[in-house]
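Working notes, structure below.
In what follows, every heavy atom counts, from backbone to side chain, and hydrogens, waters and symmetry copies are set aside. Order of listing sets the numbers, starting from 1, for every ligand and every atom in it.
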Amino acid sequence: MSDLDVCENKPQETNGDSIGLDESPAKIAKTSPCQRDVARTDYLAWDEYFMAIAFLSAKRSKDPCTQVGACIVNRQNRIVGIGYNGMPTGCSDALFPWGKHNRADKMENKYLYVCHAEMNAILNKNASDVRDCRIYVALFPCNECAKLIIQAGISEVVYMSDKHAHKLSTAAAKRMFQAASVTFWQYVPKNKKIVIDFSEIDWNTMSQMPETPVKNGSS
Ligand SMILES: Nc1ccn([C@H]2C[C@H](O)[C@@H](COP(=O)(O)O)O2)c(=O)n1
Ligand SMILES: [Zn+2]
């Protein structure tokens, strides 16, 4: 049984044995998670969870080179904003460039148009403001996002990669964060991977897995 399976309140048969209240520790150890009375211990820690949300959001990005996600969290560990790097609303991917090397036409460069993940997370906020929140982001913010983060009142930046540490935009961002007392620190994941495996669902207890992917309302 996986953690996602539906638990039923009846003794579960396991290996042909029934499980009674006076079972030996060895037998209790063999019971399925649903039979246990104590909480799981291998759940995601808060930082791991919020950074994973940022990485999941990045999966929506159409940038062929770098997909970035951001997740804003308040002091009660409630998510108040999520975003990823993408073109502005109404600026179709069919009409705006995802390239960055077009020497013939300087206008055909994604950097002129793309909204960064941090910007979208702030603009997507579901709270009146994001003051004193922290933002989880895969890459260290650029100087333009640093301005938005500071002006929005976010007080803490949690980042995974500082691969552009050598860039002027990163140095400028750090200079502004330090002047504005915005703390920043690098999250080092405990686990290299967090797998979301839909096939773990016990489809016998849920509506059958669709034979062919059902297209959702938007692409
Ligand atoms: N903190 C950041 C850094 C970058 N991005 C976005 C902006 C671009 O879409 C992409 C970077 O492209 P590359 O220079 O790797 O071709 O990532 C962001 O949203 N947030
Ligand atoms: Zn940025």
Side-chain angles (χ1 to χ4, degrees), residues 47-74 79-126 129-189 194 218-219:
D47 289 331
E48 197 175 19
Y49 170 59
F50 296 132
M51 189 60 82
I53 295 274
F55 270 67
L56 179 63
S57 175
K59 296 285 183 190
R60 277 287 307 164
S61 174
K62 297 175 185 172
D63 188 317
C65 182
T66 306
Q67 304 83 40
V68 184
C71 175
I72 303 174
V73 181
N74 68 17
I79 295 171
V80 292
I82 295 179
Y84 55 89
N85 54 323
M87 292 300 170
T89 303
C91 297
S92 161
D93 296 297
L95 300 174
F96 283 77
W98 277 114
K100 52 185 180 180
H101 299 303
N102 188 325
R103 300 191 190 292
D105 185 347
K106 297 284 186 211
M107 284 290 281
E108 292 307 297
N109 183 320
K110 69 180 180 183
Y111 295 122
L112 294 171
Y113 311 105
V114 70
C115 297
H116 287 197
E118 301 91 317
M119 171 184 173
N120 279 330
I122 291 168
L123 294 175
N124 289 338
K125 68 180 176 16
N126 61 22
D129 65 69
V130 289
R131 278 179 295 200
D132 199 28
C133 289
R134 57 187 189 276
I135 186 169
Y136 290 77
V137 59
L139 288 184
F140 195 89
C142 71
N143 60 307
E144 292 305 327
C145 289
K147 296 175 197 173
L148 295 171
I149 288 167
I150 293 167
Q151 295 302 88
I154 292 171
S155 57
E156 187 176 353
V157 174
V158 186
Y159 66 94
M160 184 87 100
S161 163
D162 201 5
K163 75 173 184 177
H164 297 316
H166 60 287
K167 283 189 173 179
L168 213 56
S169 64
T170 302
K174 289 180 178 174
R175 179 179 179 184
M176 286 187 280
F177 284 152
Q178 284 156 347
S181 303
V182 172
T183 56
F184 51 87
W185 56 278
Q186 185 171 30
Y187 173 72
V188 179
I194 294 173
S218 55
S219 62

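Taken to the nearest 0.5 Å, the CG atom of Asn120 stands 7.5 Å off from the OG1 atom of Thr89. Remark: Phe96 CZ to Leu112 CG distance equals 10.5 Å, nearest 0.5 Å.
Within the 3.5 Å criterion, the main-chain N or O of Val68 finds a donor-acceptor partner in the side chain of Asn85. Side-chain atoms of Tyr136 do not come within 3.5 Å of backbone N or O of Ala52 as any donor-acceptor pair. Side-chain atoms of Thr183 come within 3.5 Å of backbone atoms of Ser155 as a donor-acceptor pair (strictly under, hydrogens ignored).
Annotation: protein N, O or S atoms under 2.8 Å of the Zn ion (ligand 2) (waters excluded) comprise His116 ND1, Cys142 SG, Cys145 SG.
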Please assess Ile149 against Phe177 for the test side-chain contact (heavy atoms from CB on, under 4.5 Å), listing each intermediate value before the final yes or no.
CA-CA 9 Å; Ile149 288 167; Phe177 284 152; 3.9 Å; yes
Evaluate the criterion ring-ring contact (aromatic ring centres under 6.0 Å, His included) for residue pair Phe140 and Phe184; output intermediate values, then yes/no.
CA-CA 9 Å; Phe140 195 89; Phe184 51 87; 5.3 Å; yes
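For the residue pair Glu118 and Pro141, the shortest heavy atom distance occurs at OE2-CA, 3.3 Å.
Protein residues lining ligand 1, listed by chain and number: Asp63, Cys65, Thr66, Val68, Asn85, Lys100, Lys110, Tyr111, Val114, His116, Ala117, Glu118, Leu139, Phe140, Pro141 [non-hydrogen atoms, distance under 4.0 Å].
Between Lys125 and Cys133 there is no side-chain heavy-atom pair separated by less than 4.5 Å.
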